[in-house]
Undergrad: 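Questions regarding the structure given below will be posed in turn.
Residue numbers start at 1 and run along the sequence shown. Below, each value reflects all heavy atoms present in this structure, side chains not excepted, and no hydrogens, waters or symmetry copies.
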Amino acid sequence: MSANAKARTAAEAGGSRRGPLGTRILALTLLVIGSVGFVYPFLWMIATALRTPEGVAHGGASLWPIQWQWSNFVDGLDSFPFWTYLRNSLLSTLVPVVAVVFSSSLVGFAFARIRARGSGLLFAIVLSTLLLPQEVTIVPQFILFKNLDMIDTLWPIIVPTFFGSAFFIFLYRQFYLRLPEALTDAALIDGASWFRIWFSIYLPLSRPIIIATAVLQFMSYWNNFFQAAIYLTTDRWKTLPLALAGFQSVNGTDTPLLMATALVITMPCVLLFFIAQRHIIGGISFTGSK
């Protein structure tokens, strides 16, 4: 077969895999319409954050401010102890991120590589906890932390993460099952302990799933309102989601200040997701590949 014939055959095969042109155009059109529907509220929030109160009343659904007022960001953050709440949010987010990454990785490695009687049953029990809503477990947890005198501190939010997350344990287990088992066998022959095998061999190879876990955990705990509302009562330990919830009661119906503050609090999650989205997709998709 000549080179031109091979090229035509490859092009036809590629075209057949992509589907008819009309189908692709329709799919692209639907994706664009759906994307506009999802991104419009965020763009409206940005536009409202740059408006005056009068501009909000006359702007309607427009995405272009009539009068630009950049001072909304400064005024909004100055209306409450932002830096104190930011410190609390960072502590209650970054520490759980590190704790969940290492504890879930260690437990996932044990389920994937250590053959022990009853490990399958234990793994099933771990997965079954995903069926329990947080509202069911919050009462016994509250009683426990109250008896430990940890109410109105960040400990009730941080401590549970040191025991891992069932969802991330599942992801790590699936990820490690995809790695060659010969790595474990060679290390065991050399006399390495299970902890040394995990820490020196498997953990360095876990970069994609570590990034995915860290980003998803960060987004979850950065926006953690439910636990913070249950355990935190004073301004000393309140986090940014709690501050945003009480913003309107302090500033009335000043919508531009509210949108400016919400935009500042939201941007870390948005930027982090767009920076690490390739690693998130790669890490999670690898756990289910064959």
Side-chain angles (χ1 to χ4, degrees), residues 31 34-35 38-39 42 89-114 119-120 122-134 137 154 157-181 183-184 194-228 239-241 265-290:
L31 288 175
S35 300
F38 277 101
V39 78
F42 184 70
S89 288
L90 289 175
L91 284 175
S92 62
T93 301
L94 297 181
V95 176
V97 165
V98 176
V100 164
V101 165
F102 282 96
S103 58
S104 299
S105 174
L106 182 59
V107 178
F109 168 76
F111 280 127
R113 287 292 177 252
I114 300 178
S119 60
L122 289 176
F123 184 64
I125 294 174
V126 171
L127 287 184
S128 66
T129 60
L130 293 174
L131 302 176
L132 295 175
Q134 190 177 17
T137 60
L154 298 179
I157 301 175
I158 295 175
V159 169
T161 61
F162 283 92
F163 301 95
S165 165
F167 175 69
F168 293 133
I169 289 173
F170 169 76
L171 289 184
Y172 275 105
R173 176 183 179 272
Q174 298 305 111
F175 184 88
Y176 290 144
L177 286 176
R178 297 298 307 154
L179 298 179
E181 195 170 358
L183 295 173
T184 307
W194 286 111
F195 184 84
R196 180 66 181 274
I197 294 172
W198 165 73
F199 187 79
S200 300
I201 300 177
Y202 279 79
L203 196 60
L205 296 174
S206 307
R207 181 182 176 187
I209 192 64
I210 285 177
I211 295 177
T213 302
V215 173
L216 293 176
Q217 179 70 13
F218 180 91
M219 296 175 66
S220 174
Y221 267 62
W222 183 262
N223 298 311
N224 186 2
F225 174 80
F226 181 72
Q227 285 183 305
T239 57
L240 287 175
I265 296 175
T266 305
M267 284 309 296
C269 289
V270 175
L271 295 176
L272 185 62
F273 178 79
F274 278 105
I275 292 173
Q277 61 176 329
R278 179 171 60 88
H279 298 283
I280 296 174
I281 296 173
I284 294 180
S285 61
F286 184 80
T287 61
S289 62
K290 296 292 184 182

Undergrad: Indicate yes or no: at least one non-hydrogen side-chain atom of Thr213 is less than 4.5 angstrom from one of Ser104.
TA: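 Thr213 does not reach Ser104 side chain to side chain.
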Undergrad: To the nearest 0.5 Å, how far apart are OG1 in Thr266 and CZ in Phe42?
TA: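 Thr266 atom OG1 to Phe42 atom CZ measures 7.0 Å (nearest 0.5 Å).
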Undergrad: Verify the neighbour count for atom CZ of Phe226: are there more than 12 heavy atoms of other residues, nucleotides or ligands below 6.0 Å?
TA: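 Atom CZ in Phe226 is packed in, count exceeds 12.
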Undergrad: Could you please spell out the steps behind the side-chain contact (heavy atoms from CB on, under 4.5 Å) verdict for Thr239 and Phe225?
TA: CA-CA 8 Å; Thr239 57; Phe225 174 80; over 6 Å; no
Undergrad: So, for Leu91 and Ile158, which heavy atoms are closest and what is the spacing to 0.1 Å?
TA: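 So the two residues come closest at O-CD1, 3.9 Å.
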Undergrad: Write down the atom of Phe199, the atom of Pro204, and the distance for their closest heavy-atom approach.
TA: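 Closest heavy-atom pair between Phe199 and Pro204: O-CD, 3.4 Å.
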Undergrad: Please walk me through it: do Thr137 and Thr129 pass side-chain contact (heavy atoms from CB on, under 4.5 Å)?
TA: CA-CA 10 Å; Thr137 60; Thr129 60; over 6 Å; no
Undergrad: Compare all side-chain heavy atoms of Leu94 with those of Phe218 and state whether any distance is below 4.5 angstrom.
TA: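 A side-chain contact exists here, since the closest heavy-atom pair is under 4.5 Å.
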Undergrad: Indicate the atoms forming the closest heavy-atom contact of Ile210 with Val101, along with that distance.
TA: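 Scanning both residues completely, I find the closest heavy atoms to be CG2-CG1, 3.9 Å.
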Undergrad: Can you measure from OG1 (Thr184) to CD1 (Ile201) and round to the nearest 0.5 angstrom?
TA: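 Rounded to the nearest 0.5 Å, the OG1-CD1 separation comes to 7.0 Å.
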Undergrad: Do the side chains of Tyr172 and Val107 get nearer than 4.5 Å, heavy atoms only?
TA: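 Counting from C-beta outward, Val107 and Tyr172 never come under 4.5 Å.
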Undergrad: Do any N or O atoms from the side chain of Ser220 and from the backbone of Gln217 form a donor-acceptor pair under 3.5 angstrom?
TA: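 Checking the backbone N and O of Gln217 against the side chain of Ser220, no donor-acceptor pair under 3.5 Å is found.
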Undergrad: Could I get the full list of ring pair (Phe, Tyr, Trp, His ring centres under 6.0 Å) partners for Tyr202, not counting sequence neighbours?
TA: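 Ring pair (Phe, Tyr, Trp, His ring centres under 6.0 Å) check on Tyr202 returns Phe109, Tyr176.
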Undergrad: Looking only at heavy atoms, what is the nearest atom pair of Ser92 and Tyr221, with distance?
TA: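 Nearest pair, atom of Ser92 first, then Tyr221: O-CD2, 3.3 Å.
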Undergrad: Would you find a donor on one side and an acceptor on the other, under 3.5 Å apart, between the side chain of Ser89 and the backbone of Trp222?
TA: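 Between the backbone of Trp222 and the side chain of Ser89 there is no qualifying donor-acceptor contact (under 3.5 Å).
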Undergrad: Look at atom CZ of Phe163 and say whether more than 12 heavy atoms of other residues, nucleotides or ligands are closer to it than 6.0 Å.
TA: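 Counting neighbours around CZ of Phe163, 12 or fewer heavy atoms of other residues, nucleotides or ligands fall under 6.0 Å, so no.
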Undergrad: Under the criterion side-chain contact (heavy atoms from CB on, under 4.5 Å), I'd like the reasoning laid out for Leu203 against Ser105: C-alpha separation, chi angles, the key distance, then a yes or no.
TA: CA-CA 8 Å; Leu203 196 60; Ser105 174; 3.5 Å; yes
Undergrad: With sequence neighbours left out, what residues match Phe111 under ring pair (Phe, Tyr, Trp, His ring centres under 6.0 Å)?
TA: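 Per chain and number, Phe111 pairs via ring pair (Phe, Tyr, Trp, His ring centres under 6.0 Å) with Phe123.
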Undergrad: Hey, what do you get for CD (Gln134) to CG (Asn224), rounding to the nearest 0.5 Å?
TA: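 Gln134 CD to Asn224 CG: 7.0 Å, rounded to 0.5 Å.
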Undergrad: Go through the steps to decide whether Arg113 and Trp198 satisfy the test side-chain contact (heavy atoms from CB on, under 4.5 Å), and finish with yes or no.
TA: CA-CA 10 Å; Arg113 287 292 177 252; Trp198 165 73; over 6 Å; no
